[in-house]
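To find a chain, count down the sequence lines: A is the first, B the second, and so on, and within it residues start at 1. For clarity, every value in this text was computed on a predicted model and none was experimentally measured.
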Amino acid sequence: MPELPEVETVRRDLNRLLPGMVIGQVQGLFPGSVKGIGFKKFSETIQGAKIVKVSRRAKYLLILLDSGLTLIIHLKMTGVLQRQQKDDPLPRSARIIFYFEDGTRLVFSDQRKFGSIKLTSEPNELPEIKKLGTEPLESKFTPAVLQQRLAGRKGPVKTVLLDQTVLAGLGNIYVLEALHRAGIAPQRSTDTLKNDQIKKLHSAVTRTLKEAIAARGSSVDTYRDGQGKSGWFQVKHRVYDREGQSCKKCGHTIVKEMFRGRGTYWCPKCQR
DNA sequence: AATCGTTCCTGATAGC
DNA sequence: TGCTATCAGGAACGAT
């Protein structure tokens with residue numbers, strides 16, 4: 001599933017490939033992926049617009065058009081956004097296709113249909129964007145900021161870190177990977193974390209995300225980058241999808257349990 | 001205000 | 001073998 005490192009990888013790919021491209025025809029194989037306005041109006045509105053740049057906020061991709069409108073795309077679990085050449089085979093779950101004048105195309109595919117595409121002139125005014133918390137890779141994210149963001153939270157640290165209004169962009173994989181690096185159990189109550197553990201957690205989150213971006217993300221399921229290729233951070237996972245294997249830190253067996261309805265991988269020995 | 005349960009969806013897989 | 005039931009999960013939403 002695409003989380004911050006995957007979405008950032010796609011952003012970098014597309015920001016290299018798309019600016020300057022003029023949108024021609026738009027095909028809606030599953031028009032329901034477009035939210036807010038009907039597909040017909042959507043395609044009419046963006047036809048002829050030129051792509052200016054591709055940016056990101058949390059797990060949202062923002063494609064800025066020269067008309068002043070912005071496409072806001074969330075990939076959710078199985079969304080893939082890739083630039084294709086004319087002769088490339090369309091993905092089985094292609095939902096929305098943007099054709100360019102040079103014959104290439106931008107394809108949004110999405111097996112489970114959870115993903116969404118919106119069109120707006122004021123992305124920062126969208127409620128789901130407005131309420132997002134701190135970007136963990138921006139310089140303003142310091143240990144003191146993390147401490148302040150976690151203050152007053154009583155729930156399990158895993159749940160709080162998944163809350164996009166606290167930190168923006170972490171999902172199941174990177175929360176679990178960061179907690180293992182920090183030596184903190186996912187179930188640990190947030191209000192019992194000491195300052196030095198919050199410092200460790202801050203550093204674990206930052207390092208995990210940076211290393212994952214360097215490895216072009218984790219392809220555990222359907223994730224592909226902006227050119228349709230897999231990432232390789234999954235081979236560096238310390239806990240995620242490693243049930244029954246030995247902990248790379250202490251040798252104990254990694255366990256998987258359902259916690260609050262989500263698969264949770266962790267090492268019961270070195271995470272407390 | 002924080003937190004919980006439900007919902008969306010389809011392909012893979014477990015179980016019979 | 002072939003069918004059916006179960007499961008995975010980000011985040012909006014409604015309820016508490």
Sugar-phosphate means primed atoms, P, OP1 and OP2; the rest is base. With that split, encode nucleotides 11-16 of chain C 5' to 3' as B, S or - using protein heavy atoms under 4.0 Å.
BS----
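In this model, the phosphate group of B/dC4 is approached by a side-chain N or O of A/R260 to a distance below 4.0 Å at OP1 or OP2. In terms of phosphate contacts, A/R153 brings a side-chain nitrogen or oxygen within less than 4.0 Å of OP1 or OP2 of B/dT3. Between C/dA8 and A/Y240, no contact under 4.0 Å exists linking OP1 or OP2 to a side-chain N or O. Residue A/K113 places none of its side-chain N or O atoms closer than 4.0 Å to OP1 or OP2 of B/dC8.
Atom NZ of A/K200 has 12 or fewer heavy atoms from other residues, nucleotides or ligands within 6.0 Å.
Computed from coordinates, the A/D241 CG to C/dC7 C1' distance equals 14 Å when rounded to whole Å. Atom CD of A/E257 is separated from atom P of C/dG9 by 13 Å (rounded to the nearest Å). Taking atom NZ of A/K158 as the reference point, atom C1' of C/dG10 lies 12 Å away to the nearest angstrom. As a whole-Å value, the separation of A/M258 CE from C/dC7 C1' is 8 Å. What separates NZ of A/K35 from C1' of B/dT7 is a distance of 12 Å, to the nearest Å. In this structure, A/D163 places its CG atom 16 Å from P of B/dG5, rounding to the nearest Å. Straight-line distance from the CE atom of A/M77 to the P atom of B/dC8: 15 Å, rounded to whole Å. C/dG9 atom C1' lies 16 Å from atom CZ of A/F259, rounded to whole Å.
Terminal axes of the helix from B/dA2-C/dT16 to B/dC16-C/dG2 (five pairs each, C1' rotation axis) are separated by 50°, to the nearest 10°.
A/E44 and A/K41 are not joined by a salt bridge, as no carboxylate oxygen comes within less than 4.0 angstrom of a charged side-chain nitrogen. For the pair A/R216 and A/D13, the salt-bridge criterion is met [side-chain N within less than 4.0 Å of a carboxylate O]. Using a 4.0 Å cut-off between charged nitrogen and carboxylate oxygen, A/R238 and A/E177 do not count as a salt-bridge pair. One finds no salt bridge joining A/R95 and A/D110 here, because no Lys/Arg side-chain nitrogen approaches an Asp/Glu carboxylate oxygen to under 4.0 Å.
Ring geometry for A/F233 versus A/H237: interplanar angle over 60°, hence perpendicular rather than tilted (30 to 60°).
Relative to the side chain of A/M1, the nucleotides B/dC4, C/dG10, B/dT10 differ in distance, and C/dG10 lies closest.
Using a 4.0 Å heavy-atom distance criterion, A/N172 is classed as a sugar-phosphate-only contact. Residue A/G152 is classed as having no contact, given no heavy-atom separation below 4.0 Å to the nucleic acid.
Aromatic rings from A/F114 and A/H74 are positioned such that their centres are separated by 6.0 Å or more.
Under the 4.5 Å side-chain heavy-atom criterion for Ile, Leu, Val, Met, Phe, Trp and Tyr, A/I63 and A/V107 are members of distinct hydrophobic clusters. A/Y60 and A/I117 fall into different hydrophobic clusters, defined by Ile, Leu, Val, Met, Phe, Trp and Tyr side-chain heavy atoms under 4.5 Å apart, directly or through other members.
A/E6 and A/Y174 share a donor-acceptor pair across their side chains, judged by distance under 3.5 Å alone.
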